[in-house]
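This is the structure I want to talk about, given as structure tokens.
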Amino acid sequence: MVTVKRELVKNVTSEEAVHHNKVSIIGAGSVGMACAVSILLKGLSDELAFVDVDEGKLNGETMDLQHGRPFIRMPTIVPSKDYLVTANSTLVIVTAGARQEKGETRLNLVQRNVTIFKPMISNIIQYSPRCKLIVVSNPVDILTYVAWKLSEFPKNCVIGSAVTGGWILGEHEDSSVPVWSGVNVAGVPLKDLNSDTGTDKDPERWENVHKGVIASAYEIIKAKGYTS
């Protein structure tokens, strides 16, 4: 029998199932939840697991996501402090870690986050030995390497993801090196427009853009207390 409630509360997107595609997110902070929303909107998983030390926050975030059920195909969502819920994941996204404090360089975060990563990666590979890893925690380049070494996964199974303008080599911030030859504007190489880009002879002082990239994390931390 068709009821008013059934007619009103129904999905408006396809209900086609995605089989055996489980994604786990470690860390239920702002970055972790942004990843979750993106996965839900694109319908990339039929099961979504969350792990975080704050069980109350986990439950609250889960309830919040489930309120979107009428508008998207909602997978099974399982929150827990126990890594057992991540078992047999296809993909594990690592967003957990210590936050960068005011005046602290990202390199100073390394030791604290390595301490956090050791048991975390161990638990992940225990329950999902064939998963792919995406590392978002900072400093992302170093922690991606740490995750790769700790997991002993093939190098193409551990990926680091960060927001970076242009091509940046080296450490993710202070000692980074901009590759000016790879910078383009609407497909036009910047070097074609200004051959002195990034050099001491550059009249437009493009190196200030790189300095702004380096300083941006500290400005955000000063303003809001942490970066997302």
Examine the side chains of Thr86 and Ser24 and answer whether a donor and an acceptor come within less than 3.5 Å of each other.
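Distance-only check fails for Thr86 and Ser24.
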Out of curiosity, Asp196 CG to Glu204 CD, how far, rounded to the nearest 0.5 Å?
9.5 Å
Checking side chain to side chain contact (heavy atoms under 4.5 Å, CB included) between Cys131 and each of Ile125, Leu91, Ile124, which is the one that passes?
Ile124
Least distance between heavy atoms, Ala96 atom then Gly27 atom
CB-CA, 4.0 Å
Gap between atom OG of Ser128 and atom CG of Asn123 - 0.5 Å precision
10.5 Å
So which atom in Trp180 and which in Gly198 form the shortest heavy-atom distance, rounded to 0.1 Å?
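Minimum heavy-atom separation between Trp180 and Gly198: NE1-CA, 3.4 Å.
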Interatomic distance, Met33 atom CE to Ser38 atom OG [nearest 0.5 angstrom]
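If we round to the nearest 0.5 Å, Met33:CE and Ser38:OG are 11.0 Å apart.
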Show the nearest heavy-atom pair for residues Ile72 and Leu41, with the distance to one decimal.
CG2-CD2, 4.2 Å
Side-chain contact, heavy-atom cut-off 4.5 Å: Val78 with Glu47?
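Answer yes - side chains close enough.
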Write down the atom of Ile77, the atom of Phe50, and the distance for their closest heavy-atom approach.
CG2-CE1, 3.6 Å
Side chain to side chain contact (heavy atoms under 4.5 Å, CB included) partner of Ile93, the single match among Leu133, Val136, Val31
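Single pass found, and it is Val136.
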For Tyr83 and Tyr127, which heavy atoms make the closest approach, and how far apart are they?
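Where Tyr83 meets Tyr127 most closely, the heavy atoms are O-CD1, 3.5 Å.
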Carefully, step by step, assess Glu207 and Arg205 under the rule salt bridge (Lys or Arg N to Asp or Glu O under 4.0 Å).
CA-CA 5 Å; Glu207 76 272 12; Arg205 313 303 294 175; 2.7 Å; yes
N/O donor-acceptor pair under 3.5 Å between Thr95 side chain and Ile26 backbone
yes
